[in-house]
Amino acid sequence: MITLLKKALTEKLFGKRGQVTVFILLGILIVVIAGGIYYTVSRQNQTLEPKETEVPSQAQTVNLYIKQCVNTVLESGVNIIGRQGGYIEIPQDPVGVGEFKNYLPLSINNKVVYWYYKADNNVDFIQKPSIESMEQEVTNYIDNNLMNCLGGFNEYQGFNVRKGKISVLVDIQKSKVVTRVDFPVRIEKGDFSFDFDTFYGEYNAPLGELFEIAEKVYDKEQGDYFLEKKTLDMMSVYDEIPYVGEVDSCVAPVWVKYTVIKDFKRIIRDNTLFYKIKGTDYVLSRDKNSYYEIDAGVGNAKDVHGGFLFSETWPFTLEVFPEENGLLKGHSVTENLGEARGLAEAFVCMSTYEFIYNVQYPVLIILNKNDYTFQFSNMVVIDKNTPRVNKDEFFTVDKEYDQRFCQKQIDFNVDVVDEKFNVIDKADVKYKCITHSCKLGQSDNGLWKGQVPLCINGEFVGEKEGYHFGRAQISTNEPGSALLVLEKLKKIKVDVIAIRAGSGEVREGEKVFIDLEEKNKKFSRFIIYPEQNEIELIPGVYTAKIFMTSPVTGGLTVPEKTINNCATVPRGAFGALFGINEEKCEDVTIPSTTVDQMMTGTKDFTFLVTENDLKKNKLIFYAPYYGVVKDVTDIGKLMEQEGKNPTFE
């Protein structure tokens, strides 16, 4: 705007009045800035509070009916915002291909948005919401869903009802969310009539407070890379991950990459459970047990429970160099001595190894207070054995990012059906081409018809709530058709029996984590029992992991450990210029820590789920129980337990 004003005024006043132009422009600029400051301050000082209006007794039932709907829709929207990382409408994925999307898929109806992630095209993206954007999301949600809640409102208990246009305002406060709905409603019944114009809704959820804590944890990670640094510590400490070292053997050690990945994921899972947000609800047995504490400047938030989570079924990528046909090989110090090797090995037998890793995986950060949960996900990135490097600029995801790539050129018909070939109405249809995703529209009576972008080996994708997505790889270089088959999700109750003496019930304070994945269909589910006691599944062959945690009386102490971290760095300023390097090492001490919750059983298994199984009443999982370990060295015994596959009843 300032540029256009400057151009217009310059054309009119240029010349003898050039100096006047400068002062006019400065004046305009001051007014604009002052207006922006006024708006910001006004917005910050604006607080909605519900107001009661006097309503005649004859109109009370209608009043309560509308207010109940306002509160119901408000509560639903705020709960979705909390589950999905500050979003109700998931942002458009700017890339849409590869192992990682722009959200962490906990379930078909729960996609937790990454606040930071590195896309498959190696571009960093930031998707952190703001209070204002969340208020707008809830506003849109109420605007779109209030009339659905009111249902057949034209005639209500004998009243003739006339409605006006809805206008919504939402205010997210620390301990509650308030909405004002301007909704002109006139009700008439016989000689009685009454006009409503404003309704208030209120939901006691600490969204504002938890979002403020989430921002601080996010800012801490963006500044310090504490998740990456702790991952590097894991790589240094655990022998299952070959990093840098030496062994007293003439035969060089060899690791299988598949096994390293499996162990790496397990190690991340086990360690991530212990991370604590300093200032929240937990107790350290000793002051020095602070390695797992994250000091994000939260202050006193003892009524907030904060936790971190990683699941082995979530997306995970690992590249390691050098690698040879899936094997990671060390080197004997004598292997290049030729005929003299045998003689040399009579005096020295030593092998060394040094591997370079690129690793990406998600972490879910969960905050809970008064039974309200706010969670977001963040990607952990190790780049060549170092934490990701902050860039001067990040791409901020725009919901319209892909539109310029989605010009419609080719006619196509897309049929959308379920597994029994029943048509599916109002399914979202997309077309993905290389790194771009294009929304096409919704199916009408099982058919979407229109134009699609030109692409070779692109992919049609169909999605609808309550169904597992369907997809079909088809080139669109000429007109054609596609068939998308979406499998209907079947909801079934879940029960867990602990394999131990006694009743087998999961006791107070115990939690059972269940990961399920149908790899061929790219379908996965994750639940925490007993908080969640039902699951949505489709038929298939599932690989699964079940593990149980139990409270530890008095806590379990993990002893202090010192590791020697070495890195190759440039030798001075000329070293950086000419590639002259040197090795620098430093000792890193991981302090002793005491944990109050310990894994007491775990089992990997594979099982079949049929369509008939999902018609039954209940799915029973069996959690192996080893018991609370007495020493850290006993942890390996957890992996040796006998298990039992799930059953349906």
Point to revise | Backbone N/O of Phe226 and side chain of Asp224: donor-acceptor pair under 3.5 Å | key: no

Study note, to complete from the structure: Residue set satisfying side chain to side chain contact (heavy atoms under 4.5 Å, CB included) with Val320, at least two apart, ordered chain then number -> Lys257, Leu318, Glu323, Leu328, Phe355, Tyr357

Review point. If you round to the nearest 0.5 Å, how far is OH of Tyr243 from CD1 of Ile356?
Key: 9.5 Å

Check your understanding: Do any N or O atoms from the side chain of Gln375 and from the backbone of Arg83 form a donor-acceptor pair under 3.5 angstrom?
Key -> yes

Study note, to complete from the structure: Gln360 meets the side chain to side chain donor-acceptor pair (under 3.5 Å) criterion, sequence neighbours left out, with none

Check your understanding: Taking side chain as C-beta onward, heavy atoms only, is Ile277 less than 4.5 Å from Phe308?
Key -> yes

Review point. Roughly how far apart are Tyr529 OH and Ile514 CD1, rounded to 0.5 Å?
Key: 8.5 Å

Exercise for review: Taking side chain to side chain contact (heavy atoms under 4.5 Å, CB included) as the test, write out the residues that go with Pro539, two or more places apart.
Suggested key: Glu487, Glu611, Leu614

Study note, to complete from the structure: Looking only at heavy atoms, the pair that brings Pro315 and Leu104 closest together is CD-CD1, 4.1 Å

Review point. Do Tyr116 and Phe125 make the cut of ring centroids closer than 6.0 angstrom?
Key: no

**Study point:** Test item: His468 side-chain N/O and Lys521 main-chain N/O as donor-acceptor pair under 3.5 Å
**Key:** yes

Point to revise | Close side-chain approach of Ile527 to Phe513, heavy-atom, < 4.5 Å | key: no

Check your understanding: Partners of Glu240 by salt bridge (charged side-chain N to carboxylate O under 4.0 Å, His left out), sequence neighbours excluded?
Key -> Arg266

Practice item. Check salt bridge (charged side-chain N to carboxylate O under 4.0 Å, His left out) between Lys265 and all other residues, then give those that pass, not counting sequence neighbours. Key: none

Point to revise | Any residue meeting side chain to side chain contact (heavy atoms under 4.5 Å, CB included) with Asp515, in chain and number order, not counting sequence neighbours | key: Ser311, Thr313, Phe526, Lys545

Practice item. Search all heavy atoms of Gly297 against all heavy atoms of Lys216 and return the closest pair with its distance. Key: O-NZ, 3.4 Å

Exercise for review: For the residue pair Phe605 and Phe621, categorise the inter-ring angle as parallel (less than 30°), tilted (30 to 60°) or perpendicular (more than 60°).
Suggested key: tilted

**Study point:** Contacts of Thr373 that satisfy side chain to side chain donor-acceptor pair (under 3.5 Å) - sequence neighbours left out
**Key:** Asn368

Study note, to complete from the structure: residues 357-367 vs salt bridge (Lys or Arg N to Asp or Glu O under 4.0 Å), sequence neighbours excluded, gives none

Review point. Within 45° of the six-membered ring axis of Phe547 and under 6.0 Å from that ring's centre, is NZ or CZ of Arg269 located there?
Key: yes

Exercise for review: For the pair Thr476 (side chain) and Cys455 (backbone), establish whether a donor and an acceptor sit closer than 3.5 Å, ignoring hydrogens and angles.
Suggested key: yes

Point to revise | Side chain Asn102, main chain Val113, donor-acceptor under 3.5 Å | key: no

Check your understanding: Is the side chain of Glu518 donor-acceptor paired with the backbone N or O of Asn520 at a distance under 3.5 Å, no angle test?
Key -> yes

**Study point:** Side-chain heavy atoms of Leu537 within contact of Arg525, under 4.5 Å
**Key:** yes

Exercise for review: Look at the aromatic rings of Phe374 and Phe376 and report parallel, tilted or perpendicular, splitting at 30° and 60°.
Suggested key: tilted

Point to revise | Straight-line distance of Leu232 CG to Tyr225 OH, nearest 0.5 Å | key: 12.5 Å

Exercise for review: Could you check if a side-chain atom of Ile546 sits within less than 4.5 angstrom of a side-chain atom of Val512, using non-hydrogen atoms only?
Suggested key: yes

Exercise for review: Applying ring pair (Phe, Tyr, Trp, His ring centres under 6.0 Å), name anything that partners Tyr353, two or more places apart in sequence or on another chain.
Suggested key: Trp255

Exercise for review: Carefully, step by step, assess Ile538 and Tyr467 under the rule side-chain contact (heavy atoms from CB on, under 4.5 Å).
Suggested key: CA-CA 9 Å; Ile538 59 175; Tyr467 292 82; over 6 Å; no

Point to revise | Donor on one side chain, acceptor on other, Tyr103 and Gln84, under 3.5 Å | key: no

Study note, to complete from the structure: Note: Gly462 and Leu484 closest approach over all heavy atoms is N-CD1, 3.5 Å

Revision key, fill the gap. Output for pair (Thr231 OG1, Ile241 CD1), nearest 0.5 Å, gives 9.0 Å

Review point. Sequence neighbours excluded, which residues qualify as side chain to side chain contact (heavy atoms under 4.5 Å, CB included) partners of Glu531?
Key: Lys511, Ile528

Practice item. Evaluate the side-chain proximity of Phe460 to Ile474: yes if any heavy-atom separation is below 4.5 Å, no if none is. Key: yes

Review point. After noting the C-alpha distance and the side-chain angles of Val429 and Val461, does the key distance pass the side-chain contact (heavy atoms from CB on, under 4.5 Å) rule?
Key: CA-CA 6 Å; Val429 180; Val461 179; over 6 Å; no

Practice item. Could you pull out all residues at least two apart from Glu459 that satisfy salt bridge (charged side-chain N to carboxylate O under 4.0 Å, His left out)? Key: Arg471

Point to revise | Pair Val256-Leu327, side-chain contact (heavy atoms from CB on, under 4.5 Å): steps then yes or no | key: CA-CA 5 Å; Val256 179; Leu327 299 178; 4.0 Å; yes

Check your understanding: Under 4.5 Å between any side-chain heavy atoms of Pro322 and Lys329, yes or no?
Key -> no

Exercise for review: Search all heavy atoms of Asn378 against all heavy atoms of Arg388 and return the closest pair with its distance.
Suggested key: ND2-NH2, 4.1 Å

**Study point:** Steps toward side-chain contact (heavy atoms from CB on, under 4.5 Å) verdict (Phe316, Phe310)
**Key:** CA-CA 10 Å; Phe316 181 93; Phe310 167 75; 4.0 Å; yes

Study note, to complete from the structure: CZ (Phe321) and CG (Asn358) are apart, to the nearest 0.5 Å, by 5.5 Å

**Study point:** Trp115 side chain near Gln222 side chain, heavy-atom distance below 4.5 Å
**Key:** no

Study note, to complete from the structure: Here the pair of heavy atoms bringing Gln127 nearest to Tyr87 is O-OH, 2.6 Å

Exercise for review: Measure the OH-NZ distance between Tyr622 and Lys644 for me, rounded to the nearest 0.5 Å.
Suggested key: 4.0 Å

Check your understanding: Does the pair Glu215/Lys220 count as a salt bridge with the N-to-O cut at 4.0 Å?
Key -> no

Review point. Between the main-chain N or O of Leu364 and the side-chain N or O of Ser377, is there a donor-acceptor pair closer than 3.5 Å?
Key: no

Exercise for review: Kindly indicate whether the side chain of Ile267, heavy atoms from C-beta on, has any atom under 4.5 Å from the side chain of Val237.
Suggested key: no

Exercise for review: For Lys230, check salt bridge (charged side-chain N to carboxylate O under 4.0 Å, His left out) against everything at least two apart and list the hits.
Suggested key: none

**Study point:** Of Thr317, Asp124, Asp383, the residue whose pairing with Lys118 passes side chain to side chain donor-acceptor pair (under 3.5 Å)
**Key:** Asp124

